[in-house]
Peer 1: 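Submitted below is the structure of interest, expressed as structure tokens.
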There are 2 protein chains.
Amino acid sequence: MYLLHLLNFKEYFMKFAKDQQNRWYENKEKILVAVDCIIFGFDNQTLKLLVFKREIEPLKGLWSLIGSFVRPNENANQAVLRILKDLTGLENIFMEELRAYTDVNRDPGARCISIAQYALIRIDKENEELVNKHGAYWFSIDTLPKLVLDHDTMVQDALEKLRDKAQRTPIGFELLPKYFTIPQIQTLYEQIFQKEIDTRNFRKKLLSLNFLKKTDMKDKSSSKKGAYLYEFDYDKHHDQDFLIK
Amino acid sequence: MYLLHLLNFKEYFMKFAKDQQNRWYENKEKILVAVDCIIFGFDNQTLKLLVFKREIEPLKGLWSLIGSFVRPNENANQAVLRILKDLTGLENIFMEELRAYTDVNRDPGARCISIAQYALIRIDKENEELVNKHGAYWFSIDTLPKLVLDHDTMVQDALEKLRDKAQRTPIGFELLPKYFTIPQIQTLYEQIFQKEIDTRNFRKKLLSLNFLKKTDMKDKSSSKKGAYLYEFDYDKHHDQDFLIK
DNA sequence: TCAAAAGTGTTTCGGGTACACCCATGG
DNA sequence: CCATGGGTGTACCCGAAACACTTTTGA
């Protein structure tokens with residue numbers, strides 16, 4: 001039987017599938033499959049979540065995550081990227097699966113499972129306008145409105161995963177502009193973990209990881225002295241340990 | 001608009017859904033949704049995976065994970081528990097979602113997404129016989145056969161997740177009998193991480209966590225001196241840190 | 001000149017790791 | 001009596017955490 005593994009699997013499969021696929025796949029109930037996006041953003045002040053205000057019935061006026069049904073010719077990942085592109089104009093956004101929400105009655109309108117995904121983007125003027133045009137708004141994560149269905153749970157789960165991930169990998173950089181200051185990163189981490197971090201220890205640890213390139217530019221937008229701008233040095237980051245608590 | 005949140009949501013929804021659900025849900029393609037189970041087991045020697053040998057066409061003779069389509073009246077979790085119950089007779093099995101596999105062509109027989117879940121069970125004679133009756137067999141994880149579709153990927157992903165999880169939470173106990181010895185746990189961890197662990201450090205760390213209750217029984221099945229049997233003390237385990245590398 | 005944020009070093013403490021020998025027992 | 005696996009203690013090292021003052025500059 002091990003020989004079979006060497007055969008062209010797809011060909012072999014199709015040979016039988018044509019005759020027999022009804023036996024295997026028949027009478028199996030298909031289900032609506034959606035993706036919902038937990039989109040985090042950072043405006044150099046607070047961590048925010050992008051939510052969508054429904055302006056048509058049903059559920060007019062309620063807040064909701066942005067989602068879509070998965071189409072026949074795309075996988076879940078592609079569905080999310082499609083949404084993000086439409087909504088923000090951005091491509092190459094960091095995103096990762098959170099988990100699937102499959103309860104039978106989670107959506108009273110129809111049996112529908114959702115594969116929730118979270119994404120991280122930088123908030124800037126261009127995408128903020130575009131986003132507003134689509135009826136979406138940024139909410140600070142500590143003043144979120146009630147969301148429809150199980151979307152509140154999704155957001156909480158996503159926050160937990162984000163914290164977990166941020167501790168072990170330099171995830172924050174997806175949320176920062178190309179050039180950023182150390183105090184900016186620190187604010188971001190303080191927002192993610194919702195607690196204050198010691199300046200000296202944070203800076204020491206961060207710089208010791210050796211993946212920040214210092215520039216000779218300064219950002220004076222938040223102090224008179226000005227803070228040096230850094231950029232992420234992708235060459236030097238090789239998934240080393242990155243424990244920041 | 002905030003007042004709306006206080007209304008009975010489901011009632012409100014249904015009022016519109018009846019008229020309008022076609023507008024929202026119509027023409028949305030439904031998809032087959034399966035669960036696949038990555039079932040790990042431990043027989044006090046090696047970490048094993050339960051795989052299923054297809055004895056009917058299509059794919060006769062090929063090895064595969066155990067799976068099933070999700071039925072209209074169950075969520076993914078319930079589907080997995082149903083499979084595990086049928087297959088092993090066991091209930092209350094530890095299981096957790098791995099992730100969803102949604103590529104358009106992952107299953108050449110039909111568009112079908114799979115929500116992969118991994119589970120941990122102890123292997124004993126009773127469930128081993130039952131399992132064999134269903135055409136399923138335990139394979140040591142370092143001598144796995146080639147599996148169909150994307151199941152190899154699922155197994156690798158599950159192993160990674162298992163390792164990650166085992167490092168930060170005392171997960172191994174799902175895989176051990178009620179009473180077990182310290183050398184047994186160590187073997188389990190050596191299997192999971194595929195490397196040798198220092199006896200003294202392991203024992204020291206494990207006991208310092210204070211959730212093992214020593215009994216006065218000894219297991220002499222693997223040495224003349226015999227090793228003390230312990231049991232898991234659920235009261236004392238409060239999700240403390242549990243870093244074992 | 002002063003307010004406000006940026007930037008910098010040292011000490012302490014705990015946990016991780018490395019490492020080698022004695023113990024108990026059945027055959 | 002000896003082979004086999006069970007069980008124990010110490011020293012070192014490194015990274016995390018705690019902690020306070022100087023620098024710069026625009027207003």
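Keep in mind it's a predicted model, so treat the numbers as computed, not measured. The sequence lines fix the lettering, A, B, ..., with proteins before strands; numbering per chain opens at 1.
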Peer 1: Rounded to whole Å, please give me the gap between CZ in A:F202 and C1' in C:dT8.
Peer 2: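 The answer, rounded to whole Å, is 16 Å.
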Peer 1: Measure the CG-NZ distance between A:D157 and A:K161 for me, rounded to the nearest 0.5 Å.
Peer 2: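 One finds 9.5 Å between CG of A:D157 and NZ of A:K161.
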Peer 1: Would the A:Y230 and A:Y179 ring centres measure less than 6.0 Å apart?
Peer 2: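 Centroid separation for A:Y230 and A:Y179: 6.0 Å or greater.
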Peer 1: Check the distance between C:dT17's P and B:L206's CG and give it to me in whole angstrom.
Peer 2: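 For the pair B:L206 CG and C:dT17 P, the rounded distance is 15 Å.
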Peer 1: Polar-atom pairs under 3.5 Å, protein N or O versus N or O of nucleotides 6-13 of chain D: list them with distances, or write none.
Peer 2:
residue : atom : partner : partner atom : Å
D:dG6   : O3'  : B:G226  : O            : 3.4
D:dG6   : N3   : B:K225  : NZ           : 3.2
D:dG7   : OP1  : B:Y228  : N            : 3.0
D:dG7   : OP2  : B:R203  : NH2          : 2.8
D:dT10  : O4   : B:K204  : NZ           : 2.9

Peer 1: Could you state the CD-P distance from B:Q184 to D:dG5, rounded to the nearest angstrom?
Peer 2: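 One finds 15 Å between P of D:dG5 and CD of B:Q184, rounded.
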Peer 1: Starting at atom CZ of A:F193, determine the distance to atom P of D:dA17, rounded to an integer number of angstrom.
Peer 2: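 Computing the A:F193:CZ to D:dA17:P distance gives 11 Å.
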Peer 1: Just checking B:F94 against B:F173, ring centres under 6.0 Å apart?
Peer 2: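 No - the distance between ring centres of B:F94 and B:F173 does not fall below the 6.0 Å cut-off.
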Peer 1: How many Å lie between CD on A:Q186 and P on C:dA5, as a whole number?
Peer 2: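 So the CD-P distance, A:Q186 to C:dA5, works out to 13 Å.
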Peer 1: Tell me the interatomic distance from A:L229, atom CG, to C:dA5, atom P, rounded to whole angstroms.
Peer 2: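 One finds 18 Å between P of C:dA5 and CG of A:L229, rounded.
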Peer 1: Verify whether the ring centers belonging to A:F232 and A:F180 lie closer than 6.0 Å.
Peer 2: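 Judged by ring-centre distance (under 6.0 Å), A:F232 and A:F180 do not meet the cut-off.
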Peer 1: Can you measure B:K224 atom NZ to D:dC1 atom P for me and round it to whole angstrom units?
Peer 2: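 The answer, rounded to whole Å, is 16 Å.
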Peer 1: B:K220 NZ to D:dA3 P: how many Å, rounded?
Peer 2: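 Those two atoms, NZ and P, are 20 Å apart.
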Peer 1: What's the verdict on side-chain hydrogen bond (donor to acceptor under 3.5 Å, both in side chains) for A:Q156 and A:E160, showing C-alpha distance, side-chain angles and the deciding distance?
Peer 2: CA-CA 6 Å; A:Q156 287 316 308; A:E160 256 176 57; over 6 Å; no
Peer 1: Could A:R200 and A:D198 be called an ion pair, given the rule that one side-chain N must be under 4.0 Å from one carboxylate O?
Peer 2: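 Result for this pair is yes, salt bridge flagged.
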